[in-house]
Amino acid sequence: MIFSSLRSADALRKTVSVASRIPLNTPSRSLLTRKGPPKVVSAEEAVKAVQSFSRVYVQGASAVPSTLLKALEQRHTELEGVEICHLHLEHPNPCSKPEYSKSFFANNFFIGGNQRKPVEEGIASYIPVFLHEVPRLMREGYVTPDVAFLNMSPPDKHGYCSLGTEICAAYPAAQTAKTIIAQINPNMPRTHGTSFIHWDSIDYAVHVKDPIPEAHPSEPNEVETKIGKIIAGLVSDGACLQMGIGNIPNAVLAELKHHKNLGIHTEMFAEGAIDLMELGVITNDAKHFLPGKTVTAFVVGTKRLYDFIDDNPSVAFYDASVTNNPSIIGSNPKTTSINAAIEVDITGQVCADSVGTRMISGVGGQVDFERGAALSPGGLPIICLPSTTPKGDSRIVAMLRPGSGVITTRHHSHYIITEWGHAYLFGKNLIQRAKALIDIAHPKHRAELERLAFERYKIKSWDYYV
């Protein structure tokens, strides 16, 4: 117990240090103390602060400042070489159009669906970076914004506005940007954690009533439900969960209603977690880092989720240098990390960001949490995927297709799960891994995968090897 208490205290000290650390050579600003009221102006007036060849951070996920982006779009004839940086955006960026390519260029920290075509067309690109290091890019001067576009709640009686649904990279952007332009939006939930900026620390304020984009998950199909049940069967009481949005996370959550004393430390959490909180299944009591609180960096969901996090002190939002720090993740016992893949080869290499050379997403927090779960006592680093594509091709493959990115390396892979079962790879040699992964491939592909494995490893059977 003494060790646990010391580790919890140490993790909290690290949190404060990481969240507030700004190198001396990086421009920084205090977000909690007053320096003078902002100029309250129209969006068109506010975006005049953006100059050619400057860098603009745009708050991402469900916190997209759409009114500011539309106003910036109208300046395309006046501006040149403006770099726009962001995470994935739940609302399209109107500046990412081929006809504006000389005016604007988007750099994605994670490629959302509406940025895939601009990246393909060369009018946008992707910065390969672990999510926990995105704040470092800003704080240490690698990708420090000149201007931050934010979408914030109105100030409370003390003058503090909340960054709402995306703290992940918005907080370090606000810390380091020379100019803060904020939409003040009554529809933005007021979230807790390191999410507050004083009204007098904003340079330009624009009053809006933009709706917060919603994402409505569909019902898991038969394959996704099977995967969810397999994963839920591995989760033990007292586990600390990380999972994103989508059908498989929802399928897992639906199977956890009889578990006890679960916790959440994640980069984002799904709406299905609310049911488990209301049932008393998720208590966060067994966590060592911020026990009693659900820890996240951003959320995307429906109005129910946004209402749940609004002014809810049991949900703590931190930037990615905290939520995705593998050491902090690993301080929680039984961390169970659940992430998706596009393909997995028979050595355990995981492709999750591309289809061949075509980029479709990014590393995000997959490696942060895979490594963190591996460091966690009793942790479960899980990669899951259906065994086949919609066309019936195997997603367990002898070799990744040419140009595919390796997100989770074969050295990081532990559990790989399909609807046919789970393969545990840690400590297994290449031949043993091949056998374990082929066993969870779709039966119609197993014979060919076995032939290719035998050819690769110069063996004639699995005997004596597995």
Between atom [atom1] of [X] and atom [atom2] of [Y], what is the distance when rounded to the nearest 0.5 Å?
{"X": "H411", "Y": "T347", "atom1": "NE2", "atom2": "OG1", "result": "8.5 Å"}
{"X": "E271", "Y": "R304", "atom1": "CD", "atom2": "CZ", "result": "5.5 Å"}
{"X": "I309", "Y": "S162", "atom1": "CD1", "atom2": "OG", "result": "8.5 Å"}
{"X": "L89", "Y": "Q59", "atom1": "CG", "atom2": "CD", "result": "10.5 Å"}
{"X": "R395", "Y": "C351", "atom1": "CZ", "atom2": "SG", "result": "10.0 Å"}
{"X": "L241", "Y": "L380", "atom1": "CG", "atom2": "CG", "result": "10.0 Å"}

Run the numbers on E267 and C168 for side chain to side chain contact (heavy atoms under 4.5 Å, CB included), then give the verdict.
CA-CA 8 Å; E267 68 193 43; C168 185; 5.9 Å; no
Is any side-chain N of the basic residue among [X] and [Y] closer than 4.0 Å to the acidic one's carboxylate O?
{"X": "D146", "Y": "K178", "answer": "yes"}
{"X": "K117", "Y": "E120", "answer": "no"}
{"X": "D319", "Y": "R139", "answer": "yes"}

With heavy-atom distances below 4.5 Å as the criterion, would you say the side chains of [X] and [Y] are in contact?
{"X": "Q115", "Y": "H88", "result": "no"}
{"X": "Y318", "Y": "H265", "result": "no"}
{"X": "H192", "Y": "N312", "result": "no"}
{"X": "F110", "Y": "L131", "result": "no"}
{"X": "F104", "Y": "S96", "result": "no"}
{"X": "T176", "Y": "Y57", "result": "no"}
{"X": "I197", "Y": "L163", "result": "yes"}
{"X": "K97", "Y": "E73", "result": "yes"}

Using atom types as modelled and distance alone, determine if a side-chain donor or acceptor of [X] lies under 3.5 Å from a backbone N or O of [Y].
{"X": "T302", "Y": "H216", "result": "no"}
{"X": "H198", "Y": "H158", "result": "yes"}
{"X": "T191", "Y": "V315", "result": "no"}
{"X": "R116", "Y": "I360", "result": "yes"}
{"X": "T408", "Y": "H412", "result": "no"}
{"X": "Y306", "Y": "G301", "result": "yes"}
{"X": "S413", "Y": "T409", "result": "yes"}
{"X": "H132", "Y": "T323", "result": "no"}
{"X": "K39", "Y": "D203", "result": "no"}
{"X": "R75", "Y": "V50", "result": "yes"}

Heavy-atom closest contact ([X] atom, [Y] atom, distance):
{"X": "K287", "Y": "C240", "value": "CG-SG, 4.0 Å"}
{"X": "R190", "Y": "Y160", "value": "NH1-O, 3.0 Å"}
{"X": "P37", "Y": "D200", "value": "CA-OD1, 3.3 Å"}
{"X": "I282", "Y": "G263", "value": "CG2-CA, 4.4 Å"}
{"X": "P189", "Y": "S153", "value": "O-CB, 4.3 Å"}
{"X": "G228", "Y": "V252", "value": "CA-CG2, 3.8 Å"}

Which one of N151, T67, N187 satisfies the side-chain hydrogen bond (donor to acceptor under 3.5 Å, both in side chains) criterion with D210?
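Testing each of N151, T67, N187 against D210, the sole residue satisfying side-chain hydrogen bond (donor to acceptor under 3.5 Å, both in side chains) is T67.
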Is it the case that atom [atom1] in [X] sees more than 12 heavy atoms from other parts of the structure closer than 6.0 Å?
{"X": "E99", "atom1": "CD", "value": "yes"}
{"X": "Y100", "atom1": "OH", "value": "yes"}
{"X": "E278", "atom1": "CD", "value": "yes"}

Determine, step by step, whether I382 and T336 satisfy the side chain to side chain contact (heavy atoms under 4.5 Å, CB included) criterion, reporting the C-alpha distance in whole Å, the side-chain angles of both residues, the deciding distance to 0.1 Å, and the verdict.
CA-CA 7 Å; I382 293 171; T336 301; 4.0 Å; yes
Take E419 and S387 through the test side chain to side chain contact (heavy atoms under 4.5 Å, CB included) and record every step on the way to the result.
CA-CA 7 Å; E419 72 273 23; S387 64; 2.6 Å; yes
Say whether N107 and H86, considering side chains only, have a donor N or O and an acceptor N or O under 3.5 Å apart.
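On atom types as modelled, these side chains do not qualify, holding no pair under 3.5 Å.
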Would you say the side chains of T335 and Q242 form a donor-acceptor pair under 3.5 Å?
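Per modelled atom types, T335 and Q242 side chains form no pair under 3.5 Å.
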Apply side chain to side chain contact (heavy atoms under 4.5 Å, CB included) to the pair N185 and I212, showing each step before the final yes or no.
CA-CA 9 Å; N185 188 355; I212 306 303; 4.0 Å; yes
Identified side chain to side chain contact (heavy atoms under 4.5 Å, CB included) counterpart of P65 within the set I181, V208, V58, L150:
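Output: one option passes, namely V58.
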